[in-house]
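Fair warning: this is a prediction, and the values are worked out from it, not measured in the lab.
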Amino acid sequence: MVRVTTTTPGVRLLPNAITVLALCAGLSAVQFALTKNYSMAIASIGIAAVLDSLDGRIARLLDATSKMGAELDSLSDGISFGVAPALVIYVWQAGADRIGWVASLIFAVCMILRLARFNTLLDDTEQPPYSSEFFVGVPAPAGGLLAMLPLVAWLQWGGGWWSSQWVVWAWTIAIAALLISRIPTLSLKTVKAPAKAIAPLLIGVALLAAAIIQFPLVALIVAMILYLAHIPYSVYRSRWLAAHPEAWTVPPRERRAIRRARSQRRLGLRPPLRRRVAGAAMRAVRLPRNGEYVRTPRGNAQNGDGQRRRSWRQIGLRRK
């Protein structure tokens, strides 16, 4: 008997409710900035990023995806990671001139354009299989947090060159350019950890939680710098996969084997000679042509006719 399960309306409402909470958190960042509470403004955008990473996964897990949910998620991302960070930075730079407002507008518009392109790529069926492992450009949550890096540094170390208006606005425009660029960035949705790495990863999560609790601003700065540092590797990996179609559908272990083989050929290295055994192992191991290792007792080596072969030591002769 086939059992048919249907999703209840309350379960279908849960992912949309999380998206609305993310939208509220992003808008609350503007209110905190107006009251000069910049730490809570950054925390609000961070909470919106965490909620944004959960709503889609929960919707797929509960089979509660819908067209309305997708549109609501894009609208929430545009406000939480585009409009809110731009306004927070503009309010922080209280004496900003017209250039500051133009930079804020550029960032918000680039965020909206990035989300619109992301929605159109979802319906593109001509992309290669490995494209699901990468984002096109910097994703919205990462872009919203990266734009606030000068503000985080100002809260941690006070005023400096990083809090200069020209540096802040140049940084904002640079992150806006990364949002609409074609640079591939790694997607954590497709990263799979092997079973042996689960325990070290859990320890790493515990250390990360301790660092966030004790040094939240420093941990956020380090995380953003590491994210920017991974972009060159992401570009290299995307180009390597594009040039090696045989590695598109194989697991990571086989990809590493293909990469090592390619690097050996490029460097002109020869593979190890497995049919040659040196030293005392030559007398104890006989290598037939099929590649299987057959151990023979010492002193009982046989010739090709199956007869016992005596060494020169057993006969009593001296080798010249």
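Side-chain contact between M148 and L220: absent, with no pair of heavy atoms (C-beta onward) separated by less than 4.5 Å. Residues V20 and L72 form a side-chain contact, since some pair of their non-hydrogen atoms from C-beta on lies under 4.5 Å apart. Between S104 and W169 the shortest side-chain heavy-atom distance falls below 4.5 Å. Counting heavy atoms from C-beta outward, V88 and F32 have side chains that stay 4.5 Å or more apart. Side chains of P85 and I45 form a contact here, defined as non-hydrogen atoms less than 4.5 Å apart. Taking the side chain as every heavy atom from C-beta outward, L186 and F134 approach each other to under 4.5 Å. Within the 4.5 Å cutoff, the side chain of L178 has heavy atoms near those of the I175 side chain. Counting only heavy atoms from C-beta outward, the side chains of W92 and V168 approach each other to under 4.5 Å.
Hydrophobic clustering places L105 together with L146 (ILVMFWY residues linked when any side-chain heavy atoms are closer than 4.5 Å, directly or through intermediates). The cluster map of Ile, Leu, Val, Met, Phe, Trp and Tyr, joined by side-chain heavy atoms under 4.5 Å apart, puts L155 and L87 in the same cluster. Follow the hydrophobic side-chain contacts under 4.5 Å out from I173 and you never reach W101; the two are in separate clusters. I183 and I106 fall into different hydrophobic clusters, where Ile, Leu, Val, Met, Phe, Trp and Tyr residues are linked whenever their side-chain heavy atoms come under 4.5 Å apart, directly or through other members. Residue W171 is grouped with residue W162 when hydrophobic side chains (ILVMFWY) are merged at heavy-atom distances under 4.5 angstrom, including chains of intermediate members.
At most 12 non-hydrogen atoms from other residues, nucleotides or ligands lie less than 6.0 angstrom from NZ of K67.
Pairs engaging residues 134-157 under the side chain to side chain donor-acceptor pair (under 3.5 Å) rule: none recorded [sequence neighbours left out].
In the model, N119 has a side-chain atom that pairs as donor or acceptor with a side-chain atom of S74 under 3.5 Å.
The CG atom of L217 sits 6.5 Å away from the CD1 atom of I42 when rounded to the nearest 0.5 Å. If you take CG on L23 and OG on S28, they are separated by 9.0 Å, rounding to the nearest 0.5 Å. In this structure, CG on L208 lies 10.0 Å from CD1 on I213, to the nearest 0.5 angstrom. We find the CD1-CG distance between I212 and L207 to be 11.0 Å, quoted to the nearest 0.5 Å. Here the NZ atom belonging to K36 is positioned 8.0 Å from the CG atom belonging to L34, to the nearest 0.5 angstrom. Of the inter-residue distances, the one linking N16 atom CG with I58 atom CD1 reads 11.5 Å to the nearest 0.5 angstrom.
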Next item on the list: For V235 and R239, run side-chain contact (heavy atoms from CB on, under 4.5 Å): C-alpha distance rounded to whole Å, both residues' side-chain angles, the deciding distance at 0.1 Å, then the answer.
Entry: CA-CA 6 Å; V235 173; R239 292 181 177 178; 3.6 Å; yes
Side chains of residues 110-117: which donor-acceptor pairs under 3.5 Å do they make with residues two or more places apart or in other chains?
| from | atom 1 | to | atom 2 | distance (Å) |
| --- | --- | --- | --- | --- |
| R114 | NE | V138 | O | 2.9 |
| R117 | NH1 | I180 | O | 3.0 |
| R117 | NH1 | S181 | O | 3.2 |
| R117 | NH2 | V136 | O | 3.0 |
| R117 | NH2 | L179 | O | 3.2 |
| R117 | NH2 | S181 | O | 3.0 |

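S238 contributes no side-chain N or O that, together with a main-chain N or O of S234, makes up a donor-acceptor pair within less than 3.5 Å. The main-chain N or O of A147 is never found under 3.5 Å from a side-chain atom of T172 such that the two would form a donor-acceptor pair. Counting only distance, with no hydrogens or angles, the side chain of S164 and the backbone of W161 share no donor-acceptor pair below 3.5 Å.
Applying the side chain to side chain contact (heavy atoms under 4.5 Å, CB included) test to A59 and every residue at least two apart in sequence or in another chain returns P15, T65.
With ring centers used as reference points, H230 lies under 6.0 Å from Y227.
Closest non-hydrogen pair, G26 versus A48, comes out as N-CB, 4.1 Å. Nearest heavy atoms, F81 versus F107: O-CE2, 3.4 Å. Taking all atoms of both residues into account, the shortest heavy-atom contact from Y38 to A33 is CE2-O, 4.0 Å.
Paired with I18 under the rule side chain to side chain contact (heavy atoms under 4.5 Å, CB included), one option of D52, D73, L51 passes, and it is L51.
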